[in-house]
Each structure stands twice: as structure tokens, then as C-alpha cells.
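Below, chain A is the first sequence line, B the second, and so on; all start at residue 1.
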Amino acid sequence: MKKRLERMVGEALAACMEKGTLAAAELPAVEIELTKDAAHGDYATNAAMMLASRLKMNPRRIAEALIAELADPGGVVARTEIAGPGFINFFIREGFWATLLEAVEREGAGYGRLDFGAGKRVQVEFVSANPTGPLHIGHARGAVVGDAVAAVLAACGYAVEREYYINDAGNQMHNLGRSVLARCRELDGGDAPFPENGYQGEYIRELAREVLAREGRRCLDEAEGEAIPRLTDHAGGVILDGIKDDLKAFGIVFDRYFSERTLYENDGVAKLLAALEAQGFIYREDGTLWFRTTAFGDEKDRVVIRQNGEPTYFAADIAYHKNKFERGFDTVIDVWGADHHGYIPRMHAGVQALGYPKEALRVILVQLVNLLRDGKPVAMSTRSGEFVTLRQVVDEVGRDAARYNFLMRRSDSHLDFDLEVAKRQSNDNPVYYVQYAHARICGILKTAAEKGVAVPAYGQAALERLTLPEEAALIKTLIRLPEVIEGAARNLEPHRLTFYLNELAGLFHSYYNKNKVVSEDGDLTGARLFLVRAVQTVLANVLGLLGVSAPERM
RNA sequence: GCGCCCAUAGCUCAGCUGGAUAGAGCACCAGACUACGAAUCUGGGGGCCGCAGGUUCGAAUCCUGCUGGGCGCACCA
């Protein structure tokens with residue numbers, strides 16, 4: 001609808017310039033927006049005011065010229081008016097709105113899907129936690145945001161892949177192996193000191209018990225140089241399997257798990273650095289290798305090979321992103337914790353040095369979650385192993401409530417997550433508000449069916465009977481869905497969908513309380529059933545994008 | 001000290017890339033089930049959009065400075 005009006009205004013402008021009523025000028029971009037106030041019509045454009053300064057003309061005069069050339073072959077616009085400083089307000093013909101519901105019926109579960117992605121390949125990389133322990137609540141938010149962004153992009157016609165980067169090459173993994181070994185010795189009765197940066201969670205002890213039961217004293221007898229790498233691999237594998245299970249229970253499935261270690265195979269990282277050095281992006285100083293990230297706006301150059309000869313995480317990350325682009329992704333999206341924001345200029349520098357545009361890498365920052373129980377903070381300490389796991393949250397509050405809660409705010413704003421509120425099945429909890437609307441509609445349709453009333457097909461429904469303002473508001477909200485999805489996709493902001501759902505559910509609940517859907521009036525009943533089923537379709541489609549169920553009963 | 005993010009109702013937050021009278025939920029107060037599901041709805045109070053300037057037809061939104069909070073500033077990941 002919006003696009004239709006945009007086109008009309010654009011064409012009117014072209015006609016004006018051709019006829020000379022308006023001097024030639026470039027129109028920045030026709031902007032049409034829904035009005036907040038019904039007195040301003042249904043849509044409005046500020047085109048005339050945008051043009052005023054360029055053409056040095058009174059905006060109202062420009063508006064008059066535009067309206068004179070406005071062609072409306074479909075007869076959609078009932079009338080226009082010029083208001084305020086130069087807005088053009090469009091009043092849509094009454095009864096036209098309902099015709100747009102045809103698309104909801106025709107497209108059904110696919111309503112809201114778009115194709116502007118045009119099959120371009122996008123990778124979303126998220127979670128990517130070291131397999132040194134189970135996922136905790138802090139990972140959950142990034143997991144849901146990444147998953148929802150991927151789903152929204154897929155709905156817009158992008159070919160999306162979800163990827164998890166396994167940091168299995170660094171010190172953290174080494175610490176994991178040392179921690180397991182230390183617990184093995186402890187269980188054996190030794191009093192070996194626990195490593196300083198070790199992982200103290202109970203799960204390490206369980207791993208140690210399992211290792212001892214399976215292979216006896218082997219890890220205790222062999223040299224540390226043998227035992228630690230072996231225990232690291234084993235523990236990492238077991239923990240990663242657990243992570244995959246937890247994610248699956250949370251409704252998240254990755255297309256690929258990418259191991260950092262594979263980047264080092266065949267000297268991959270070293271060769272890449274050599275190539276970059278040949279291009280002048282890398283130099284040697286003080287026995288280390290430096291990446292000239294300042295050439296791309298970073299505040300200082302960054303080390304890629306340390307004095308001890310070990311590559312930094314950044315070195316591997318450049319290689320990883322090179323790998324991503326070589327796999328043919330047009331755009332790569334990284335979901336990071338907000339505490340890594342300082343890393344962005346560096347990574348953008350890396351991408352540009354590799355020869356790709358800065359925009360090819362987009363980073364979503366996800367703020368930390370403040371975990372509460374009944375308003376009181378829950379202590380979280382990764383080091384000590386005292387933390388609430390993702391699994392516990394899913395078990396306690398449920399997958400739907402957990403996912404919805406993490407999507408209710410912009411990802412870069414702080415989020416309080418209260419376990420008690422999230423699991424309470426009450427009006428404190430928006431997920432149930434939305435799901436209830438869906439379940440309610442299912443109930444209505446069931447009641448109607450029991451009375452032998454079927455939902456009519458589009459051509460048979462007397463949609464002209466939908467004359468109430470609430471009905472118009474519902475219809476307008478339904479047909480806005482594509483815009484909302486497009487906005488969420490372009491801005492990588494899935495929270496827009498939860499706000500949209502709350503709005504739609506609110507309109508429906510209000511409508512429901514005021515008006516009877518199934519009545520004695522056959523035509524009206526049919527029209528309302530048609531409308532209500534469209535609401536059901538949209539609720540289900542959007543909930544589906546967010547990975548939240550749309551229950552028929554609650 | 002330098003950089004990034006944030007500051008909107010009592011609380012938690014939206015505000016569609018500059019639009020018309022700034023919104024929602026919670027909390028508080030008063031109401032609505034003999035009707036398709038009350039996990040719902042209706043009404044009400046509540047605001048210097050942190051402060052001060054600037055840009056223009058027009059600013060919560062863009063620019064500068066200040067105040068206050070978060071986070072970065074590794075040869076950690």
C-alpha cells in the first residue's frame with residue numbers, strides 16, 4: 001500500500017517536471033507514512049516540504065502541483081488534502097482496506113514473506129561460546145536474537161545459514177583440560193592445587209569421574225603433555241554435545257559448527273598473514289607481527305603474532321572471516337556481547353584488508369542480561385561455576401516465555417530477566433497475552449464450526465460489512481506486516497516483531513470484548529470470521545518467525 | 001586520560017533513520033462475565049524526552065558542550 005502511494009507520488013512529480021509546472025530537481029526519496037491521527041487521513045507524505053528548499057518554492061504550492069498530476073488508476077484514494085506546512089494527506093477509499101485481506105488468505109502461512117533478499121547469501125554467526133562449560137543465561141539472549149534475525153532474513157528472501165564458531169584453539173581450552181586433570185587427581189586422593197584460571201563448576205568433576213571410570217589411571221600416570229591435550233579434546237567434545245542438546249531444546253539448530261582449529265590446518269593462518277604482509281598490511285616490530293588496522297580507522301595497530309610466536313585470537317578471526325567470504329556469503333552478520341564493542345573497528349579493518357567492503361560485515365551487539373528472581377539479583381560467577389544454565393531456564397520458565405522475553409527489547413539495551421515473572425502465567429507476561437489471542441481465535445473458529453458456520457472464502461465474504469473503526473484498525477495492522485518484517489530485517493531488529501504482536505493482540509482482545517463474531521447475522525458473521533482468521537494467520541506467522549509456538553488451547 | 005553505547009511516565013521500555021497533540025506494559029484508582037475462553041476488556045491520573053546551545057518550515061530523533069550511568073582501551077578470548 002505504502003509502495004503504491006510512493007509510486008504514485010513519484011510519477012506525479014515526474015509529470016510535473018516534464019510539463020514544467022515544477023523545476024527539475026531530484027527528490028530525495030518519497031516518504032509515505034501512516035498517520036497517527038485519523039483527522040490527517042490514512043497516509044501522508046512530506047514530499048512537498050522536502051522539495052521546498054530545493055525548488056525555493058512554497059511547499060503548499062508544490063503540493064497543489066503534485067496533486068494535480070496524481071494519477072490513481074485503481075481508484076484507491078478517496079480524496080487528498082494539503083495540511084499544515086505542506087503535508088499531503090491521503091484518505092483511502094472506505095472498503096478498500098478489506099480487499100487487501102485477500103493476500104492474507106491467498107498466502108496463508110507465507111503471508112509476510114518478502115523477496116527483496118533475492119537469494120543473496122547471508123550468514124549469521126552467533127552463540128559461539130567456548131566449549132568449556134554449559135551455556136548459561138548470558139548466552140541465551142544472543143542465541144535467540146541471532147536465531148530470530150536469521151529467520152527474519154530468511155523470510156525476506158535471503159539464503160541464510162546459521163553458524164556457530166567453536167573457539168577450540170586457545171588458552172581457555174587448555175585451562176579446561178588442566179581443570180579436568182586436576183579433578184581426576186583430586187578424586188584419586190591427591191592434593192594437587194587447582195589451576196588458577198581453571199573451571200570450578202561441578203560439571204568438571206562429573207567429567208573427571210567419567211574419565212576415571214572409563215580409562216582408569218591412564219591420565220594420572222602419563223605425562224601432562226599427553227594427558228592435558230587428550231582431556232581437553234574429550235571434555236570439549238562432551239561439552240559441545242551438551243551445548244547442542246541445550247540449543248535444540250531452546251529451538252535453535254545450526255547449519256554448521258565451525259572449528260577454529262581447522263583454520264590452522266595447512267598453515268592457513270600463517271599463509272594468510274604472509275599474504276597480508278606482502279600487501280603491506282602487516283609489519284614486524286619488537287619481535288611481534290602487527291596488523292596495520294589504523295589504516296582503516298582503528299585507534300591503534302593490533303598484534304597478530306605475539307612475542308612467544310603464538311597467534312592472537314584476532315589473527316584467527318581474520319582467517320575465519322576470509323573463510324566466510326570465500327564460501328560465497330554476500331553479507332556476514334556477527335552477534336557479539338556488547339562488551340566486545342571495542343573489537344568492531346579492528347574486525348572491520350580486517351575485512352577491508354581482505355578486500356571486502358566494510359558493510360559486508362555487520363555486527364549486532366547484545367547487551368548483558370541482568371538475571372533476577374523476584375526482583376532480586378541472582379549471583380552469577382562463571383569462574384566459580386555458580387551460574388544459571390540455559391537448560392535450567394528452559395526447564396523452569398519454558399521455551400516460549402524465555403524466547404519472547406529476550407526479544408522484547410532492542411538487543412543493545414540492558415534487559416532484566418526475572419525468572420519468577422517469566423514463568424508466571426499472567427498479564428505480567430506478554431508472551432501469554434499474544435498466545436492467548438491466538439488460542440482465543442482458535443476457540444471462536446471451533447465454536448463456529450460446531451454451529452455449522454464455515455469461514456467463507458475471500459470472494460464469498462461480505463467484507464463490506466466490516467465497518468467498525470476497530471475493524472479498520474485491525475485490517476490496517478494486518479496489512480502492515482510486510483513493512484514491519486522488512487524494517488526488522490533491514491535494521492536487524494527482531495524486537496520490532498514482538499511490539500507488533502503486542503499491538504495486534506491488543507487490538508484483537510479489545511475488539512473481541514466489544515463485539516460478537518458469531519451472531520445471527522450470517523453475512524456479518526462470515527465477514528468477521530474471515531477477519532479473525534486473518535488475525536490468527538498473522539499471529540501464527542510472526543510467532544513462528546520468533547520461534548515461539550502458537551497454541552490452539554492454553 | 002581516550003573511545004563507543006545509553007539517559008523518554010513512579011518502574012521496565014518503544015518511538016518506524018527529521019514530521020502534525022511523545023506511546024505501550026507494569027504499578028495505582030474505579031468499573032465489566034447468564035454472550036464465541038476474564039491468561040481478557042473499559043475508564044482515570046500521571047512527562048522540562050538528563051541540562052544548555054546550534055542546524056531548519058519542523059528536533060525525543062541530527063551537531064557541539066556539560067552532567068550522570070554502562071562498557072571498552074591486552075602480545076585474553
Of all the choices, [options], which nucleotide is nearest to the side chain of [X] once you look at every atom?
{"X": "A:D339", "options": "B:C71, B:U12, B:A20", "result": "B:C71"}
{"X": "A:N89", "options": "B:C57, B:G70, B:A20", "result": "B:A20"}
{"X": "A:E493", "options": "B:C75, B:C36, B:G15", "result": "B:G15"}
{"X": "A:Q307", "options": "B:G19, B:U17, B:C75", "result": "B:C75"}
{"X": "A:P85", "options": "B:A20, B:C57, B:U12", "result": "B:C57"}
{"X": "A:M554", "options": "B:C36, B:C75, B:G37", "result": "B:G37"}
{"X": "A:R409", "options": "B:U12, B:C75, B:A35", "result": "B:U12"}
{"X": "A:H341", "options": "B:A14, B:C73, B:G70", "result": "B:G70"}
{"X": "A:M49", "options": "B:G3, B:G15, B:G19", "result": "B:G19"}
{"X": "A:T35", "options": "B:U17, B:G3, B:A20", "result": "B:A20"}

Atom [atom1] of [X] and atom [atom2] of [N]: how far apart are they, to the nearest Å?
{"X": "A:Y343", "N": "B:A77", "atom1": "OH", "atom2": "C1'", "answer": "8 Å"}
{"X": "A:Q536", "N": "B:C36", "atom1": "CD", "atom2": "P", "answer": "18 Å"}
{"X": "A:N46", "N": "B:A20", "atom1": "CG", "atom2": "P", "answer": "11 Å"}
{"X": "A:W336", "N": "B:G72", "atom1": "CH2", "atom2": "C1'", "answer": "13 Å"}
{"X": "A:R480", "N": "B:C16", "atom1": "CZ", "atom2": "P", "answer": "13 Å"}
{"X": "A:L365", "N": "B:C5", "atom1": "CG", "atom2": "C1'", "answer": "9 Å"}
{"X": "A:D412", "N": "B:C5", "atom1": "CG", "atom2": "C1'", "answer": "7 Å"}
{"X": "A:Y512", "N": "B:U40", "atom1": "OH", "atom2": "P", "answer": "13 Å"}

**Report entry** N-O pairing of A:R60 and A:E64 below 4.0 Å
**Finding:**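 Looking at A:E64 together with A:R60, the answer is no, because their closest N to O distance does not fall below 4.0 Å.
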Query raised in the report: Is a salt bridge present between A:D317 and A:R346, judged by a nitrogen-to-oxygen distance below 4.0 Å?
Result: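 Judged by the 4.0 Å cut-off on N to carboxylate O distance, A:D317 and A:R346 do not form a salt bridge.
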Phosphate OP1/OP2 of [N]: any [X] side-chain N/O under 4.0 Å:
{"X": "A:T498", "N": "B:C13", "result": "no"}
{"X": "A:H495", "N": "B:G15", "result": "yes"}
{"X": "A:R410", "N": "B:G15", "result": "yes"}

Report task. Would you please determine if the base of B:A20 is stacked by A:F87, with stacking meaning a centroid separation under 5.5 angstrom and planes under 30 degrees? Result ->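 So yes, this residue stacks on that base, both cut-offs being met.
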Query raised in the report: Hey, is A:H414 doing a stacking thing with B:G70, by the 5.5 Å centroid and 30° angle criteria?
Result: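 No, A:H414 does not stack on the base of B:G70, since the centre distance and plane angle fail the 5.5 Å and 30° test.
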Over all strands shown, is [X] touching base, sugar-phosphate only, or nothing at heavy-atom distances under 4.0 angstrom?
{"X": "A:A44", "answer": "base"}
{"X": "A:R302", "answer": "nothing"}
{"X": "A:K36", "answer": "sugar-phosphate"}
{"X": "A:S510", "answer": "sugar-phosphate"}
{"X": "A:H340", "answer": "base"}
{"X": "A:E520", "answer": "nothing"}
{"X": "A:E310", "answer": "nothing"}
{"X": "A:N130", "answer": "sugar-phosphate"}
{"X": "A:A439", "answer": "base"}
{"X": "A:S519", "answer": "nothing"}
{"X": "A:Y313", "answer": "base"}
{"X": "A:D317", "answer": "nothing"}
{"X": "A:N175", "answer": "nothing"}

Polar contact flag, side-chain donor to acceptor under 3.5 angstrom, [X]-[Y]:
{"X": "A:H509", "Y": "A:R440", "value": "yes"}
{"X": "A:D301", "Y": "A:Y283", "value": "yes"}
{"X": "A:N130", "Y": "A:Q172", "value": "no"}
{"X": "A:N197", "Y": "A:N175", "value": "no"}

Query raised in the report: For RNA chain B, whose closest nucleotide is more 5', that of A:N513 or that of A:T447?
Result: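 Between the two, 5'-proximity favours A:T447.
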Query raised in the report: If you pin A:E260 and A:Y43 to their nearest nucleotides in RNA chain B, which one's is more 5'?
Result: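 Nearest nucleotide further toward 5': that of A:Y43.
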In whole angstrom, give me the gap between the [atom1] atoms of [N] and [M].
{"N": "B:A24", "M": "B:U42", "atom1": "P", "value": "11 Å"}
{"N": "B:G25", "M": "B:A39", "atom1": "C1'", "value": "15 Å"}
{"N": "B:C41", "M": "B:A27", "atom1": "P", "value": "13 Å"}
{"N": "B:G58", "M": "B:G19", "atom1": "P", "value": "15 Å"}
{"N": "B:G47", "M": "B:C4", "atom1": "P", "value": "35 Å"}

**Report entry** Spacing of CG belonging to A:L524 relative to CG belonging to A:L468, to within rounding of 0.5 Å
**Finding:**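 Spacing of CG (A:L524) from CG (A:L468) equals 8.0 Å.
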Query - Chi-based syn or anti call at B:U12, which uses purine or pyrimidine torsion atoms and a 90° bound - result: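 Glycosidic conformation of B:U12: anti.
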Query raised in the report: Under the rule syn = chi within 90° of 0, otherwise anti, which is B:C73?
Result: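 Here the answer is anti: the torsion falls beyond 90° from 0.
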Query raised in the report: Could you go step by step and tell me if A:Y320 and A:E163 meet the side-chain hydrogen bond (donor to acceptor under 3.5 Å, both in side chains) rule?
Result: CA-CA 12 Å; A:Y320 179 39; A:E163 184 155 307; 2.7 Å; yes
**Report entry** Distance-minimising heavy-atom pair for A:R410 and A:R141
**Finding:**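 Smallest heavy-atom distance, with atoms named: O-NH2, 2.9 Å.
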Query raised in the report: Going by modelled atom types, is there a donor-acceptor pair between the base of B:C41 and the side chain of A:H509 at under 3.5 Å?
Result: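 It does not, because no donor-acceptor pair links the side chain of A:H509 to the base of B:C41 below 3.5 Å.
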